[in-house]
Structure formats: C-alpha cells, structure tokens
Amino acid sequence: MSTTATAHTNIALIKYWGKKDTRLNLPTTSSLSLTLKQFYTVTTVTPNALADQLILNGEESDTTRTHQFLDVLRGQLGHFSPLTVTSENHVPTSAGLASSASAFAALTGAVTREIGCDLNKVALSRLARRGSGSASRSFYGHFAVWHEGVDDVTSFSESLNAPDMPIALVVAEVSSRVKKVSSSEGMRRALTSPNYHDWLTKSKLQFQDMQSAVMATDIEKIGSIAEDNALSMHALNLTASQKPFTYFTSETQQILAIVQDLRQQGILAFATIDAGPNVKIITTITTAPIVTAALHDALPHIHIETATSGSGINYD
Ligand code: DP6
C-alpha cells in the first residue's frame with residue numbers, strides 16, 4: 001500500500017524568527033500565515049524492506065533532515081517499517097519560497113495515514129513542527145496561527161477560520177550570489193541582537209492586531225502590519241552581536257522602494273521578506289497585475305508569480 005498527501009506552502013505575515021527550544025522546535029513568538037494555492041508539495045510514502053529512502057523531484061537524495069524527522073516520528077508514534085518517500089515540489093525555487101513548510105506537512109500527513117494513525121490537524125501540526133517550524137501552519141487553508149506554547153503539547157497550529165477576501169501575493173524573485181544563511185542559523189544569530197527583547201514585545205502586539213485585521217478582512221491593515229513585522233525581523237539580523245548579516249541584496253532594496261512608490265500613488269502594496277532576498281508583495285487580486293507591471297518595468301529580468309489563498313492538506 002502507499003499513501004499520498006498534498007500540502008501547500010504558507011507565507012508568514014507575523015514571522016517565526018527564533019527558537020526557545022531547539023529540540024522540540026518551540027518558537028519564541030506565535031506566528032500567523034496565509035496558505036498559498038499555487039505552491040505545494042505532493043508526497044507519497046510506500047513501505048519497503050530495506051531502509052528509508054528519499055526521492056525528491058525524481059532524484060534520489062540524501063536529506064539528513066528528512067531521515068532525522070522520520071526517526072522523530074518513530075519516537076512519537078511507535079516503530080514503523082522503512083519507507084520510500086517520493087516527493088514532488090511544486091514550489092518553484094525561482095519563486096524563492098521555502099519548500100520546507102509544504103514538504104514537512106505533506107510528509108507528516110502521508111506517514112501518519114500510511115501507518116494507520118488517524119490524527120487531527122492539531123496533532124499533525126505538533127509533529128510537523130519538529131521537522132520545520134513553518135510546516136506546522138501548512139495543514140490549514142487560508143489563514144493559520146501557530147501558538148508558540150511552552151511545551152510540545154501547547155505549541156500547535158490551528159485555523160483562524162477567517163472570512164474569504166481577495167488577498168494576493170506577488171512573488172518577485174531576486175537573484176542572490178551571496179552564500180545562504182539557513183533559517184535556523186539566521187534565528188540563532190538574530191537571538192544575539194540587543195533588540196531581540198523589544199522585537200518579542202512588538203511581535204506579540206502585532207500578532208493580536210493582525211488577527212483583528214484578518215477577521216475584519218482589512219487587506220491594507222494586514223499588509224501594513226506584515227511589512228512592519230518583516231522589516232523588524234530583518235533589522236534583528238543586521239544588529240546581531242554575533243555574525244550580523246542581511247538577506248537583502250540591492251535588488252531587494254530596489255523592490256522595497258518600488259513598493260513604497262506604489263503606495264504613494266495610492267496602490268495597495270506591502271512587502272514581506274523571508275530568509276532570502278526575494279520580496280513578496282501583499283496586495284489584492286485585482287491590483288496584483290498593476291504591481292507586477294511596475295516591477296516588470298523596473299526590473300525586466302526578474303521572475304514574478306502571483307499566488308492566492310490556498311486550501312489545507314488533502315489526501316488522494
Ligand atoms: C522567515 O520554518 O524554515 O520563513 O523551523 O528551522 O525549519 P526551521 O525554520 P523555518 O523558518 C521560517 C522562517 C520564516 C518565517 C516564518 O515562516 O514564520
């Protein structure tokens with residue numbers, strides 16, 4: 001037998017940027033995300049007689065992280081036989097979106113079903129957190145919150161049950177020649193910023209304000225809080241006392257300036273940025289083509305894609 005699960009990636013509008021427990025992957029703040037329809041991972045697991053094996057986008061790969069995660073699942077759920085994991089990422093690397101969120105969510109869903117462990121999404125979100133924090137939010141469609149919690153049980157994600165709204169995300173790929181700093185390493189460095197404590201306080205307030213903005217379907221407010229939250233996160237990286245760094249390139253800055261310009265013209269556009277140089281612009285479905293055109297005019301060589309609100313995990 002085999003089981004297939006599809007999970008969509010998500011973009012954090014209130015970011016997770018720091019761990020208070022690295023083994024359990026407990027975050028220092030609660031976070032809030034929008035699941036994206038156009039970017040997803042399809043994962044099939046099939047028992048085999050030999051050893052865990054991973055085939056990623058048609059190629060056999062040796063991802064220590066996946067092997068370690070399968071062992072975490074065995075520790076939590078009891079022993080299960082070795083699995084062949086076949087995963088197709090429909091998260092174009094060109095979009096600059098992390099695929100770990102959709103990948104670990106799809107893997108958690110497929111494995112638990114395959115071994116006959118019928119868990120609800122809250123329980124799945126706790127397990128997936130151990131693979132990658134952001135994966136915890138990818139079981140739900142539309143808007144999700146990940147409660148930071150204080151232990152394994154209290155750190156989980158749930159749906160916000162938010163009303164429908166015409167929100168869109170314009171993803172602008174920026175090429176980067178600088179060596180990547182992984183999310184985990186970036187977070188370790190950010191924690192050494194003297195501003196980290198203030199950031200925690202601000203993030204907690206923004207988490208509350210963002211929930212109100214989402215429930216009120218106020219896309220302008222959502223964008224404005226998200227941009228402030230993201231820029232504050234990146235300021236921590238710059239002010240880290242150990243190995244300060246930035247994910248921004250000159251093109252990142254250029255796009256941020258275009259977004260400001262658009263706003264001055266009365267166009268709804270706000271930026272958010274994750275652990276890389278790419279900029280994701282929060283706007284509405286009807287305004288997305290205007291944002292895309294402005295970016296294309298200024299930077300004709302960059303790849304741009306628009307994403308809308310997506311659904312939660314599903315099984316074939
Ligand atoms: C900036 O979930 O990739 O995208 O738990 O170490 O795997 P690990 O980190 P990861 O970090 C995501 C960081 C972020 C913000 C967010 O998605 O909340």
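Whatever order the structure lists ligands and atoms in, that order sets their numbers, starting from 1.
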[atom] - nearest protein heavy atom and its distance:
atom	answer
atom 15 (C) of ligand 1	Tyr16 O, 3.4 Å
atom 3 (O) of ligand 1	Ser183 OG, 3.3 Å
atom 11 (O) of ligand 1	Met187 CE, 3.4 Å
atom 2 (O) of ligand 1	Ser134 OG, 2.7 Å
atom 1 (C) of ligand 1	Asp274 OD1, 3.5 Å

For Arg188, is the nearest heavy atom under 4.0 Å from an atom of ligand 1?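 Contact absent.
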With a 4.0 Å cut-off on heavy atoms, is Arg137 touching ligand 1?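 Flag set, Arg137 near ligand 1.
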Under 3.5 Å, side chain of [X] to main-chain N/O of [Y], donor-acceptor pair present?
X	Y	value
Thr249	Thr252	yes
Asn229	Gln206	no
Asn278	Val174	yes

May I ask you to list the atoms of ligand 1 that are less than 4.0 angstrom from any heavy atom of [X]?
X	result
Met233	1 (C)
Lys19	5 (O), 6 (O), 8 (P)
Ser100	3 (O)
Ala12	16 (C), 17 (O), 18 (O)
Gly133	2 (O), 5 (O), 7 (O), 8 (P)
Asn25	5 (O)

Show your working on salt bridge (charged side-chain N to carboxylate O under 4.0 Å, His left out) between Asp118 and Arg113 and close with a plain yes or no. CA-CA 6 Å; Asp118 190 17; Arg113 278 240 166 166; 5.2 Å; no
So, for Trp146 and Tyr16, is the gap between ring centers shorter than 6.0 Å?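 Yes: the rings meet the under 6.0 Å criterion.
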Suppose we call two aromatic rings close when their centres sit under 6.0 Å apart. Are His8 and Phe39 close by that rule?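 No: the rings miss the under 6.0 Å criterion.
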Tell me the contacting part of [X] for ligand 1: side chain, backbone, both, or neither, using a 4.0 Å heavy-atom threshold, strictly below.
X	answer
Ile11	neither
Ser132	both
His234	neither

Is Arg130 close enough and on-axis enough to Phe69, meaning under 6.0 Å and within 45°, for cation-pi?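 No, a cation-pi geometry is absent between Arg130 and Phe69.
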Polar proximity ligand 1 side, Arg65 side, N/O cut 3.5 Å exclusive: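 Yes, there is a polar N/O contact under 3.5 Å.
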For Ser184 and ligand 1, does the shortest N/O to N/O distance drop below 3.5 Å?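 Yes: some nitrogen or oxygen of Ser184 is under 3.5 Å from one in ligand 1.
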Ignoring hydrogens and angles, state whether a donor on the side chain of [X] or [Y] is under 3.5 Å from an acceptor on the partner side chain.
X	Y	value
Thr44	Ser2	no
His90	Glu88	no
Thr192	Gln242	no

Counting only heavy atoms from other residues, nucleotides and ligands, does the tally under 6.0 Å from NZ of Lys20 exceed 12?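 Buried by this count: over 12 neighbours within 6.0 Å.
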